[in-house]
Amino acid sequence: MRLLHPHTTPATEAEARAVQERLRPHTLLDGSGPAPGAPGTVVVGVDVAYDDARDTVAAAAVALDAATLAEVGHATAVDRVAFPYVPGLLAFRELPAVLAALGRLTTTPDLVVCDGYGLAHPRRFGLASHLGVLTGLPAIGVAKNPFTFRHPPPGPRRGDWAPLLDGDEEVGRALRTRDGVKPVFVSPGHRTTLADACAHTLALTRGYRLPETTRLADRLCRQALRDASPSDG
DNA sequence: GCGACAG
DNA sequence: ATCTTGTCGC
């Protein structure tokens with residue numbers, strides 16, 4: 001896969017924040033990505049797992065048919081951890097391995113679903129935005145926790161949502177993907193609108209809180225990590 | 001200064 | 001993210 005912008009690991013946190021500020025203007029929040037659930041489109045979920053003791057990270061990319069949710073391909077990559085976890089700078093920790101896994105995919109993604117945020121970020125440039133801008137691919141962020149942002153409680157039923165607010169700006173939505181279960185936190189990354197990001201999330205969710213894309217990617221990257229660093233040696 | 005803080 | 005057994009409920 002060829003990147004529109006190269007990825008390099010910053011030496012400092014200040015440099016990492018500067019990279020985000022420089023790339024942020026390239027973000028597109030339009031409807032140029034695929035329509036939610038459109039037949040024939042390929043939706044790719046990405047996730048990573050860590051082995052702190054071995055300073056190792058494993059990433060997985062799982063491709064599904066958007067209409068049937070049938071798997072159409074997958075790939076993994078194992079790498080050295082390149083950056084520490086710092087709130088707001090997650091992308092620098094996850095991107096190298098994720099980009100490597102995406103590069104090994106033989107199918108072309110029409111949309112990438114990330115674990116974390118896109119627009120809902122202190123500098124409006126979370127992992128999903130960053131990945132989208134570097135690759136040029138439409139991307140959304142689906143996070144399990146609300147980070148810094150406030151939100152009213154969404155209704156109790158699947159599909160109910162409430163705005164994720166930074167002051168009076170709606171940067172994402174707390175979206176109920178299962179009746180009575182804690183919502184997920186959705187924000188657009190690149191080439192999608194907030195409404196479409198939520199519609200994609202619902203279209204990819206079947207019977208569990210998290211989208212099938214992230215569930216499968218989570219399972220696969222954990223397996224890849226085990227294969228790379230067995231419990232003993 | 002204190003708390004909060006995606007994964 | 002990760003460390004970890006059982007347990008309540010459909």
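Fair warning: this is a prediction, and the values are worked out from it, not measured in the lab.
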Inset, instruction - Any chance you could lay out the side-chain contact (heavy atoms from CB on, under 4.5 Å) test for L4(A) and V133(A), step after step, and finish with the verdict? - result: CA-CA 7 Å; L4(A) 271 45; V133(A) 166; over 6 Å; no
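As judged by a 4.0 angstrom heavy-atom cut-off over every strand, Y50(A) is placed among residues touching the sugar-phosphate backbone only. When heavy atoms are screened at a 4.0 angstrom cut-off, A120(A) is found touching no nucleic acid atom at all. Nucleic acid contact class of R150(A) (heavy atoms, under 4.0 Å, all strands): none. Residue contacts shown for G141(A) are absent, as no nucleic acid heavy atom lies under 4.0 Å away. L89(A) comes within contact range of at least one nucleobase, with a heavy-atom separation under 4.0 Å.
Nearest to the side chain of K144(A), among dC5(B), dA1(C), dA6(B), sits dA1(C).
Taking the six-membered ring for Trp and thresholds of 30 and 60 degrees, H26(A) and H5(A) have ring planes inclined between 30 and 60 degrees apart. Ring geometry for H130(A) against F125(A) counts as tilted: the plane angle lies between 30° and 60°, on a 0 to 90° scale.
Residues F92(A) and V19(A) are in side-chain contact: their nearest non-hydrogen atoms beyond the backbone lie under 4.5 Å apart. In this structure, the side chains of L194(A) and L119(A) stay at 4.5 Å or more apart for every pair of heavy atoms.
The distance from atom CG of D47(A) to atom P of dA1(C) is 7 Å, rounded to the nearest whole Å. The distance from atom CG of D51(A) to atom P of dT2(C) is 9 Å, rounded to the nearest whole Å. Rounded to an integer number of Å, the gap from D115(A) CG to dT2(C) P is 11 Å. For the pair D55(A) CG and dA1(C) P, the interatomic distance rounds to 18 Å; values are reported in whole Å. One interatomic measurement links the two molecules: CG of L164(A) to P of dC5(B), which rounds to 12 Å at whole-angstrom precision. As rounded to whole Å, 12 Å separates atom C1' of dG7(B) from atom NE2 of H121(A). As a whole-Å value, the separation of L90(A) CG from dT2(C) P is 13 Å. Between the CG atom of L225(A) and the P atom of dA1(C) there is a distance of 13 Å, rounded to whole Å.
Contact check on D115(A) versus K144(A) returns a salt bridge, with a Lys/Arg side-chain nitrogen under 4.0 Å from an Asp/Glu carboxylate oxygen.
Taking side-chain N and O atoms only, R93(A) has no distance below 4.0 Å to OP1 or OP2 of dA6(B). Phosphate contact (OP1/OP2 of dG7(B), side-chain N/O of N145(A), threshold under 4.0 Å): present.
For the 3.5 Å distance criterion, the side chains of Q223(A) and R226(A) qualify, holding a donor opposite an acceptor.
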Inset, instruction - Taking Watson-Crick and G-U wobble pairs with both distances under 3.5 Å, convert DNA chain B into its dot-bracket string, 5' to 3', dots for unpaired and | for cross-strand pairs. - result: .......
